Amino acid sequence: MQNLLHNLNPEQLAAVTLPAQSALILAGAGSGKTRVLTTRIAWLIQTGQVSPAGILAVTFTNKAAKEMLTRLSAMLPINTRGMWIGTFHGLCNRLLRTHYRDAALPQTFQILDSQDQLSAIKRLLKAFNIDDEKFPAKSVMYFINGAKDAGLRAQDVEAHDPAERKMVELYGLYDDQCQREGVVDFAELLLRSYELLSRNQPLREHYQQRFKHILVDEFQDTNDLQYKWLKLLSGQGQSQARSALFAVGDDDQSIYAFRGANVGNMRAFEQEFNVQNLIKLEQNYRSHGHILDSANMLISNNSKRLGKNLRTDAGHGEQVRVYEASSDLQEAQWIIEETKNLIAEGASRSEVAVLYRSNAQSRVIEHALFSAGIPYHVYGGLRYFQRAEVKHAIAYLQLMDNPHNDSAFLRVVNFPTRGIGVRTIENLQGAAQEYGISLYAAVPYMSGKAGSSLSGFVKMIEGMRFETQQMALPELVRVVLEGSTLLSHYAAEKEGADRVENLEQMVSAATQFVSEEGYGQGAPAHLGPRADAQAGAPIVNADGIEILDADAPLATVMSPLSAFLSHASLEAGDNQAQAGQDALQMMTVHSAKGLEFDNVFITGLEEGLFPHESSSKEDGGVEEERRLMYVAITRARKRLYMCFSQTRMLHGQTRYNMKSRFFDELPEESLKWLSPKVQSHWFANKKSAWDDAPLNLGSDNALAQRMAQKAGGGSGWRIGESVSHGKFGEGVIVNIEGSGANCRAQINFGSHGMKVLDLSVAKLERLGR
DNA sequence: AAATTTCTAGTTTTT
DNA sequence: CTAGAAATTT
């Protein structure tokens, strides 16, 4: 036990050893949050306060869950099985699999990822002849998910106008469709298990008694439904003893409001759970002083905070280096120069991160890195299980497990092509709708040539199902890849090599899955739960309720195939760093959350970009952007660079932005401006930018014309120049029209908006930057 | 059914 | 500008 607790600072120690009551831990960036969480669990078990089966730990990503598990098994000699550690969605999946009958789901229900959900909605809209101009699939999806995340079914949503009424109606129809097909979307996993627990008293009480301690990571990212779910499971507000909810979070790092996260849950938790134990972890073990000072001062500009200030023992370190570029190309060039310097000083490339607000910004930088021959890795983009060919293979597997999944049916019924065209499908859909059955089930009702090609497809699926009956999962996958002719189809394609490789990889993914999830290597993949499940389960309590086996629960509850399909939907595959690769790391600020690097570049710090213009419209938007900036700053250990550009290509046209307001919110003494007056000489700097620009100006004449235009018709002002106005404050000249006395300039004053001013009248001052 | 053209939107993202 | 979807042609 000494071992467990030693090296904890006083606050961490206090948090770890709190009594079994509700607790809120405000954990600043780099304050050892994960450590506290895992040590808390280990301590609870080691001191005999709770058995592993009494622990429920919730995270937001699979990666975090995995890390927690790894760290725990390193700390504890006992096995970690029996503990429930996972994402909200993973845990709900487990719950619903176990109690599928009570939840009114088919045993082999399948999970839609967002792509699947969107196409399911598109299909619904088509089937009901909805005007997709008025009701775009995306907004319908947004509406449905919003309602579900708030814990509302269609009949619970209040509609105020006809359009909203239609939305609600569509929501209801969508749920019907999902139920018919035996599929659930992500939000449904949460809502369905919430409803299951709230309606089924014995079941609820069983779990409430079982989980003595519930621990939640990244609490600031919970949405309303997740909070309600926690409240229900912890038995809050009920007379009998309730479980202790231990919530860890940082309100300053809440950057997911746009997808339903509600920071307010922290305050609500504090009040509703009558939290007596509030501990702030403010000691930062990551960043040097100047970096931390910057973060602290910046975030102090936010009004709604629970209050927290990071401190460090690491000393001031170096100042934050700030650079103003004339163009996005030059910005990229500067990043390359500085990176080269860093590497020359001995930094490893994987310890250099380039952060940006939006993905579009990566192109220019990537291009420059490529030209400079610096290896880099861009985060984001398509994950393994989202690739088209993999999704196709998954669809075949889904059909074998649950033939009523119409999405899966439509995806592969004619892929690879087997002469089943649009007409045939339309007829089939008609029949299915008429009888209220799935497409698969409607196939026998089809006659003629179309009917026989369709039943050929069905026979193929049935055949594969029969053939693989006794097979283990990896073997089954192999058979399906070949039997579906997916492999031969891609092998015949010119550019299909990568796709073939991805498909091949699925067999090893299945192998790995089977061994990690505790299925016997040879266990038949789709014959219900684990073969030896009888030995340890199911447990039935006094009320006759089936209770989960504490060991390897998934394996006792669902077949390897079903489990693998869940896994494919819930864990789309690696998107995070591939360790060991010595490449510069590029990512959005959002995906940098939770990571840290010795050297960090924050790029594109311009008004409109960061803070992003569309977020300044909604209230609280700028505060969220500021938190985003806070996250960005606190990623850096030793060196932090910030840069912005006067000119930027966006949506095919050049934009002139002001430097970000965030610069005004940073401590001057922590900043080192590297480019005080580079930009007074516009022409001098323009040259390099023009050389690389993909502009084909045709002739010198055109170039001269363009430059004259840019220079502003001899008005003395030029486009891109920073100016100051008595009423509107700082701005940037975006355009100049006319000449002489009629010369007017369009100026972007940021928060004061875009103005067109008469240059002969307006009192403008040149900004000496 | 594949190839080609036209249109259109365009923060952030995990499950 | 430019990727991805939708529409249209071959």
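Source: prediction; values computed, not measured. Computation of the quantities below employed the complete heavy-atom set of this structure, encompassing side-chain atoms and omitting hydrogens, waters and symmetry-equivalent molecules. Residue numbers start from 1 in every chain, and the chains themselves are labelled A, B, ... in the order their sequence lines are given, proteins ahead of strands.
Looking only at distances, no side-chain donor or acceptor of A:Arg357 sits under 3.5 Å from a matching main-chain atom of A:Val589. A:Ser569 places a side-chain N or O within donor-acceptor distance of the main-chain N or O of A:Ile111, the cut-off being under 3.5 Å. Looking at A:Asn414, its side chain does come within 3.5 Å of a backbone N or O of A:Ile420 through a donor-acceptor pair.
A:Gln117 has its CD atom 13 Å from the C1' atom of B:dT14, to the nearest Å. Rounded to an integer number of Å, the gap from CE of A:Met141 to C1' of B:dT13 is 11 Å. One interatomic measurement links the two molecules: NZ of A:Lys138 to P of B:dT12, which rounds to 12 Å at whole-angstrom precision. Atom CZ of A:Arg648 and atom P of B:dG10 are 20 Å apart (whole Å). Nucleotide B:dT14 holds its P atom 16 Å from the CZ atom of A:Phe385, rounded to whole Å. For A:Asp149 and B:dT13, the CG to P distance is 18 Å, given to the nearest whole Å. In this structure, A:Asp132 places its CG atom 14 Å from C1' of B:dC7, rounding to the nearest Å. Distance A:Lys63 NZ to B:dT13 P: 15 Å, rounded to the nearest Å.
Side-chain to base pairing of A:Ser114 with B:dT13: no donor and acceptor N or O lie closer than 3.5 Å to each other.
Side chain of A:Arg259, nearest nucleotide from B:dT13, B:dT15, B:dT11: B:dT13. For A:Asn359, the side-chain atoms get nearest to B:dT13 when compared with the rest of B:dT13, B:dT15, B:dT11.
No contact: A:Gln115 has no heavy atom under 4.0 Å from any strand. Using a 4.0 Å heavy-atom criterion, one finds that A:Phe258 contacts the bases of the nucleic acid, with or without backbone contacts as well. Residue A:Asn414 is classed as a sugar-phosphate contact, given heavy-atom separations below 4.0 Å to backbone atoms only. Among the atoms of the strands shown, only primed sugar atoms or phosphate atoms (P, OP1, OP2) are found under 4.0 Å from some heavy atom of A:Thr61. A:Asp221 comes within 4.0 angstrom of nothing in the nucleic acid, heavy atoms only. A:Gly419 comes within 4.0 angstrom of the backbone, heavy atoms only, and of no base.
Contact check, A:Arg383 against B:dT15: a side-chain N or O comes under 4.0 Å of OP1 or OP2.
Residue side chain A:Tyr256 fails the stacking definition with respect to B:dT12, as its ring centre and the base's six-membered ring centre are not both under 5.5 angstrom apart and under 30 degrees in plane angle. Remark: ring of A:His590 does not overlap the six-membered base ring of B:dT12 in a stacked fashion, as centroids less than 5.5 Å apart with planes less than 30° apart are not both met.
Ion pairing between a basic and an acidic side chain is recognised when a charged N comes within 4.0 Å of a carboxylate O; A:Glu623 and A:Lys304 show no such pairing. The residues A:Arg153 and A:Glu188 are annotated as salt-bridged, a charged nitrogen and a carboxylate oxygen being separated by less than 4.0 angstrom. Between A:Glu571 and A:Arg383 there is no salt bridge, since no side-chain nitrogen of the basic residue lies less than 4.0 Å from a carboxylate oxygen of the acidic one.
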Pairs of donor and acceptor atoms involving the side chains of residues 125-141 of chain A, under 3.5 Å and at least two apart or interchain, shall be tabulated with distances.
{"unit_1": "A:Asp131", "atom_1": "OD1", "unit_2": "A:Glu133", "atom_2": "N", "d": "2.9"}
{"unit_1": "A:Ser139", "atom_1": "OG", "unit_2": "A:Pro136", "atom_2": "O", "d": "3.2"}

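Place A:Glu618 and A:Thr417 on DNA chain B by their nearest nucleotides, and A:Thr417 ends up nearer the 5' end. Along DNA chain B, the nucleotide closest to A:Asp113 and the one closest to A:Ile420 are compared, and the more 5′ of them pairs with A:Ile420.
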Below 3.5 Å is the cut-off: list the nitrogen or oxygen pairs between protein and nucleotides 2-8 of chain C, distance only.
{"unit_1": "C:dA3", "atom_1": "OP1", "unit_2": "A:Arg363", "atom_2": "NH2", "d": "2.4"}

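Taking the six-membered ring for Trp and thresholds of 30 and 60 degrees, A:Phe219 and A:Tyr227 have ring planes more than 60 degrees apart, a perpendicular arrangement.
Atom name C1', nucleotides C:dA6 and B:dT11: the rounded distance is 24 Å, in whole Å.
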